[in-house]
Amino acid sequence: MTEQEFLAMPLEEAMSTQRAIRRLKSDPVDDALVLHLLELAMKAPTGSNAQNWEFVVVKDRKVVAKLGRLNRGAMKAVGPFYRRSFERSGDEKMARLQKAVQWQADHFEDIPVVVVACLKGVIAPWPPIATSSAYGSIYPAVQNLLLGARAAGLGAALITVPLWSRVLARRVLGLPWNVTPCAVIPVGWPIGKYGPTTRRPVGEAVSLDRYGNRAFLSSPRG
């Protein structure tokens with residue numbers, strides 16, 4: 001697949017068909033493609049134009065395995081709670097989601113590329129405005145990466161469970177104290193195909209002027 005081919009997907013198509021893809025093949029992903037997607041990620045805006053992103057592209061099998069162990073360790077603690085909540089709700093979609101999450105955890109070592117999105121600097125836990133401002137400088141880049149992956153036909157998903165302990169995550173990745181890991185994005189060629197996404201009508205999620213004023217329920221897209 002050439003650069004021109006994977007960039008040819010219209011933006012609206014990429015946005016409207018994007019979904020979290022957790023089941024990935026172990027087939028390698030070309031470094032040039034990964035770097036191009038990260039280049040696109042870095043086109044995203046940052047607070048005060050700080051451009052303070054850092055990305056760790058993890059391909060070493062030992063390091064990927066360590067991230068996988070962090071992921072499974074956290075899931076063992078919270079997994080039973082989520083499974084019981086899914087079973088009680090009887091929601092088939094949530095049950096399928098839980099199975100996909102578990103599949104990813106069980107096969108984490110086979111993921112060909114894991115991108116860890118980081119920020120230079122320590123993210124203060126307080127005041128809340130400082131925390132939200134910091135994350136506002138990394139998540140636009142992550143979304144660019146996810147959209148680029150979709151346009152290239154790659155599967156990807158934003159996860160944070162492997163970062164339940166920043167101390168351990170820093171140790172695994174060799175990060176200094178002043179570089180904060182924020183998101184983990186497993187990337188690879190998807191098992192299966194992208195399918196249509198299902199979302200509630202926009203009018204049910206949008207309020208006008210004050211919360212709860214569903215003025216757009218009668219709109220064509222609502």
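Side-chain heavy atoms closer than 4.5 Å link hydrophobic residues (I, L, V, M, F, W, Y) into clusters, and following such links, possibly through other members, connects I111 to L70. Using a 4.5 Å cut-off between side-chain heavy atoms of Ile, Leu, Val, Met, Phe, Trp and Tyr, with links allowed through other members, L146 and I138 fall into the same hydrophobic cluster. Grouping the Ile, Leu, Val, Met, Phe, Trp and Tyr side chains by contacts below 4.5 angstrom, directly or via other members, places I191 apart from V113. The cluster map of Ile, Leu, Val, Met, Phe, Trp and Tyr, joined by side-chain heavy atoms under 4.5 Å apart, puts F108 and V101 in different clusters. Linking Ile, Leu, Val, Met, Phe, Trp and Tyr residues whenever their side-chain heavy atoms come within less than 4.5 Å leaves W53 and L173 in two separate clusters.
When all heavy atoms of V142 and A183 are compared, the closest pair comes out as CG2-CB, 4.4 Å. Considering all non-hydrogen atoms of both residues, W189 and A152 come closest at CZ3-O, 3.6 Å. When every heavy atom of K120 is checked against every heavy atom of E54, the shortest pair comes out as CE-OE2, 2.6 Å. The shortest non-hydrogen separation linking P112 to V29 is CG-CG2, 4.2 Å. Shown here for W164 and A74, the closest heavy-atom pair between the two residues is CD1-CB, 3.5 Å. Across every non-hydrogen atom of S137 and T46, the tightest pair is O-CG2, 3.4 Å.
At a threshold of 4.5 Å between non-hydrogen side-chain atoms, the residues R96 and K99 do not count as touching. Side-chain contact check for L145 versus L40: every heavy-atom pair is 4.5 Å or farther apart. Between C182 and I123, the closest side-chain pair of non-hydrogen atoms falls below 4.5 Å. Under the 4.5 Å side-chain criterion, counting only non-hydrogen atoms from C-beta, P186 is in contact with I159. Side chains of V34 and V187 form no contact here, defined as non-hydrogen atoms less than 4.5 Å apart. Between V56 and L175 the shortest side-chain heavy-atom distance falls below 4.5 Å.
The line from OG1 of T180 to OH of Y135 is 7.5 Å long, rounded to the nearest 0.5 Å. In this structure, CD in Q51 is found 9.5 Å from NZ in K43, a value given to the nearest 0.5 Å. A distance of 14.5 Å separates OH of Y211 from CG of L208, quoted to the nearest 0.5 Å. Distance check, rounded to the nearest 0.5 Å: CG of D106 to CG of N71 gives 10.0 Å. Note that CG of L154 is 6.5 Å distant from CG of L37, once rounded to the nearest 0.5 Å. With rounding to the nearest 0.5 Å, the separation of CG in L38 from CD1 in I185 is 8.5 Å.
In terms of modelled atom types and a separation under 3.5 Å, the side chain of N52 and the main chain of L119 share no donor-acceptor contact. Checking side-chain atoms of R170 against main-chain N and O of W177 turns up a donor-acceptor pair under 3.5 Å.
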task = Starting from the C-alpha separation in whole Å, work towards a yes-or-no answer on side chain to side chain contact (heavy atoms under 4.5 Å, CB included) for W126 and T131.
result = CA-CA 7 Å; W126 192 91; T131 305; over 6 Å; no
request  = Evaluate the criterion side chain to side chain contact (heavy atoms under 4.5 Å, CB included) for residue pair M75 and Q104; output intermediate values, then yes/no.
outcome  = CA-CA 11 Å; M75 285 189 60; Q104 183 183 62; over 6 Å; no
Derivation and outcome, side chain to side chain contact (heavy atoms under 4.5 Å, CB included), residues L147 and M15 = CA-CA 7 Å; L147 285 172; M15 294 175 72; 3.8 Å; yes
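Sorted by first and then second residue, the pairs that involve residues 21-34 and meet salt bridge (Lys or Arg N to Asp or Glu O under 4.0 Å), not counting sequence neighbours, are D31-K59.
By the side chain to side chain contact (heavy atoms under 4.5 Å, CB included) test, S16 is found to be paired with no residue, residues two or more places apart in sequence or in another chain being considered. Shown here are the ring-ring contact (aromatic ring centres under 6.0 Å, His included) partners of Y194, two or more places apart in sequence or in another chain: there are none.
When each of R69, R72, K62, R61 is paired with E109, the salt bridge (charged side-chain N to carboxylate O under 4.0 Å, His left out) condition holds for R72 and for no other.
No more than 12 heavy atoms of other residues, nucleotides or ligands lie within 6.0 Å of CZ in R171, so this atom counts as exposed by the packing criterion.
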